[in-house]
J.: 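Mind looking over this structure? Questions follow.
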Amino acid sequence: MTEGEAVLEFVTDDSHSSVRRDSTLEVFDCVSLMSAEASSGRVVSEPSPAPSSPNPNPSPSHGPEKIGGGLAGSKYVKLNVGGSLHYTTVQTLSKEDNLLRSMCDGSTEVTIDSEGWVVLDRCGRHFPLVLNFLRDGTVPLPETQRELEEVLNEAQYYRLQGLIQHCLSTLQKRSEVFEGGCHIPMITSAKEEQRMISTCRKPVVKLQNNRGNNKYSYTSNSDDNLLKNIELFDKLGLRFNGRVLFIKDVLGDEICCWSFYGDGRKIAEVCCTSIVYATEKKQTKVEFPEARIFEETLNILIYENGRSSGHGGMALLESGGVSSPGVGQSEEDGGGVGGGDRRVRRIHVRRHIMHDERGHGQQTVYKD
């Protein structure tokens with residue numbers, strides 16, 4: 001090794017030693033600084049981590065999602081109308097200019113749940129009718145007024161002008177049909193009669209009319225008197241319509257008998273039939289006590305709207321319990337509910353034979 005190479009090697013070694021000494025001094029300075037800060041109560045804060053970037057693919061939500069692009073790209077549509085599920089095509093929903101068509105072409109925002117059903121917040125009871133109208137162009141409407149008005153409301157919501165006009169024309173036609181205001185029900189069973197009388201708040205007049213329930217022949221005037229009783233029943237039904245309930249019984253045992261009810265119980269009864277005893281045969285006679293029937297009809301008006309609850313009403317009713325002389329026999333039975341003062345007045349025609357009804361040479365016989 002020459003003298004120049006030895007000097008160069010020394011200088012090189014000396015430079016490396018100086019670098020190592022400088023690095024060691026810097027480490028000692030850092031340790032001394034940290035010790036001094038710790039002894040003075042200062043805390044060295046570490047650098048905060050960099051904020052995490054947002055997740056580019058968030059998990060899908062489970063609730064309904066509103067979509068504004070429409071359903072034009074789909075061929076079939078699943079509709080959830082108030083819990084009623086329907087499966088149809090976009091072509092069916094787009095036949096007329098309506099709300100469903102605007103939902104298909106994107107004009108109206110639609111709501112789709114997680115399973116792909118288009119959610120409509122409407123009652124699904126009449127939606128099959130709306131859907132069938134879009135399919136066929138016509139549909140049979142409900143019979144009741146209330147259901148028809150409900151269909152009209154649905155048609156107006158979906159903006160179906162054809163169905164709206166169909167509902168309005170049907171409502172107008174039904175309003176033009178005239179129905180009489182006087183209705184007289186026919187009794188079909190004893191249970192129905194009892195329920196009808198007990199639940200009715202109006203006075204009740206019942207005519208029991210069964211001409212076939214007779215084993216004897218009728219007198220000459222019986223048929224005319226029977227028709228007169230029926231005609232009087234019809235006239236009273238028209239006169240007191242809305243105030244008194246008139247019912248007819250053609251299945252009972254009596255040939256012609258009037259019954260009057262108030263507060264759910266029988267108040268009076270007028271029996272118009274009797275048996276006539278002749279020398280050779282018995283006959284059935286039908287009377288027409290018009291005055292007595294009309295009087296009892298006026299008497300039960302006291303029970304209209306509960307006006308018989310007072311003492312004056314009962315006294316007025318009892319005062320009318322005396323039968324007209326010469327018309328028939330009146331008897332009062334304590335068969336009413338709520339005490340002995342509630343009695344049923346039963347008026348029976350006297351069993352006799354008129355002189356003009358006797359055959360030639362026959363003797364008149366009275367038998368009560």
Side-chain angles (χ1 to χ4, degrees), residues 48-181 183 185 188 192 195 199:
S48 58
S52 60
S53 60
N55 190 2
N57 297 320
S59 58
S61 59
H62 297 284
E65 180 182 359
K66 292 186 178 181
I67 298 177
L71 305 172
S74 304
K75 183 177 180 181
Y76 299 98
V77 182
K78 300 189 298 182
L79 299 174
N80 183 352
V81 186
S84 178
L85 304 180
H86 303 273
Y87 194 75
T88 183
T89 62
V90 175
Q91 182 180 2
T92 300
L93 300 181
S94 304
K95 284 187 176 181
E96 290 191 12
D97 187 11
N98 58 81
L99 176 64
L100 300 173
R101 181 178 181 179
S102 63
M103 294 172 60
C104 294
D105 59 19
S107 303
T108 303
E109 193 177 54
V110 296
T111 302
I112 302 179
D113 62 6
S114 59
E115 298 180 357
W117 293 88
V118 178
V119 180
L120 296 176
D121 189 15
R122 298 292 294 180
C123 179
R125 179 181 180 183
H126 300 294
F127 190 77
L129 190 145
V130 174
L131 200 56
N132 289 332
F133 181 81
L134 289 173
R135 290 166 177 164
D136 305 328
T138 182
V139 70
L141 297 176
E143 294 293 335
T144 62
Q145 180 83 5
R146 180 177 179 180
E147 291 185 353
L148 182 56
E149 292 177 353
E150 291 177 356
V151 173
L152 177 60
N153 292 334
E154 294 300 314
Q156 291 174 347
Y157 174 78
Y158 293 110
R159 301 198 294 267
L160 288 170
Q161 295 300 326
L163 185 56
I164 292 174
Q165 295 299 328
H166 189 23
C167 293
L168 292 177
S169 61
T170 304
L171 287 173
Q172 184 177 1
K173 290 179 181 179
R174 293 181 182 180
S175 63
E176 294 175 354
V177 177
F178 177 76
E179 296 182 358
H183 302 278
T188 59
E192 180 188 23
R195 183 172 64 251
T199 57

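Just so you know, these numbers use all the heavy atoms, side chains as well, and skip hydrogens, waters and symmetry mates.
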J.: Measuring from atom CD1 of I112 to atom CH2 of W117, what distance do you get when rounded to the nearest 0.5 angstrom?
T.: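 Separation between the atoms: 12.0 Å.
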J.: Does K95 reach the main-chain N or O of R135 with its side chain, forming a donor-acceptor pair under 3.5 Å?
T.: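 At least one qualifying donor-acceptor pair exists.
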J.: Which atom names give the shortest non-hydrogen contact between V139 and H166, and what distance separates them?
T.: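 Distance-wise, the nearest heavy atoms are O-NE2, 3.2 Å.
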J.: If only atom types and distance count, is the side chain of R125 paired as donor or acceptor with the main-chain N or O of S84 below 3.5 Å?
T.: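 Such a contact is absent between R125 side chain and S84 backbone.
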J.: Taking the side chain as everything from C-beta on, heavy atoms only, tell me whether M103 gets closer than 4.5 Å to L120.
T.: yes
J.: Which word best sums up how the rings of Y76 and Y87 line up, parallel for under 30°, tilted for 30 to 60°, or perpendicular for over 60°?
T.: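 Parallel, since the angle between the ring planes stays under 30°.
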J.: Report the C-alpha distance between L134 and N98 in whole Å, list the side-chain angles of each, state the deciding distance to 0.1 Å, and finish with yes or no for side chain to side chain contact (heavy atoms under 4.5 Å, CB included).
T.: CA-CA 10 Å; L134 289 173; N98 58 81; 4.0 Å; yes
J.: Output the distance between atom CG (N80) and atom NZ (K78), rounded to the nearest 0.5 Å.
T.: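 Rounded to the nearest 0.5 Å, the CG-NZ separation comes to 10.0 Å.
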J.: Which heavy atom in C167 sits nearest to a heavy atom in L152, and how many Å separate them?
T.: CB-CD1, 3.8 Å
J.: Does any non-hydrogen side-chain atom of L100 lie less than 4.5 Å from one of T92?
T.: no
J.: Mind checking whether L171 and Q145 have side chains closer than 4.5 Å, heavy atoms only?
T.: yes
J.: Please check this pair: side chain of H86 against backbone of G124, looking for a donor-acceptor N/O pair closer than 3.5 Å.
T.: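 Checked: no pair found.
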J.: Do the side-chain N and O atoms of S107 and S102 include a donor-acceptor pair separated by under 3.5 angstrom?
T.: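 No donor-acceptor contact under 3.5 Å links the two side chains.
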J.: Is there a donor-acceptor contact under 3.5 Å from the side chain of S94 to the main chain of Q91?
T.: no
J.: About how many Å separate CG of L79 and OG1 of T88, when rounded to the nearest 0.5 Å?
T.: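 Rounded to the nearest 0.5 Å, the OG1-CG separation comes to 7.0 Å.
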J.: Shortest non-hydrogen contact from R174 to P142?
T.: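 Closest pair (atom of R174, atom of P142, distance): NH2-O, 2.8 Å.
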J.: How many angstroms lie between atom OG1 of T144 and atom CD of E150, to the nearest 0.5 angstrom?
T.: 7.5 Å
J.: Please report the closest heavy-atom contact between V151 and H126, naming both atoms and the distance.
T.: CG2-ND1, 3.6 Å
J.: Any chance you could lay out the side chain to side chain contact (heavy atoms under 4.5 Å, CB included) test for V130 and V81, step after step, and finish with the verdict?
T.: CA-CA 12 Å; V130 174; V81 186; over 6 Å; no
J.: Could you measure the distance from the CD atom of E147 to the CG atom of L129? Nearest 0.5 Å is fine.
T.: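 If we round to the nearest 0.5 Å, E147:CD and L129:CG are 10.0 Å apart.
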J.: Using distance only, find each side-chain donor-acceptor pair of residues 155-165 under 3.5 Å and give its atom names and separation, not counting sequence neighbours.
T.:
none

J.: Tell me, yes or no, whether the heavy-atom count around D121 atom CG, taken from other residues, nucleotides or ligands under 6.0 Å, exceeds 12.
T.: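 Counting neighbours around CG of D121, 12 or fewer heavy atoms of other residues, nucleotides or ligands fall under 6.0 Å, so no.
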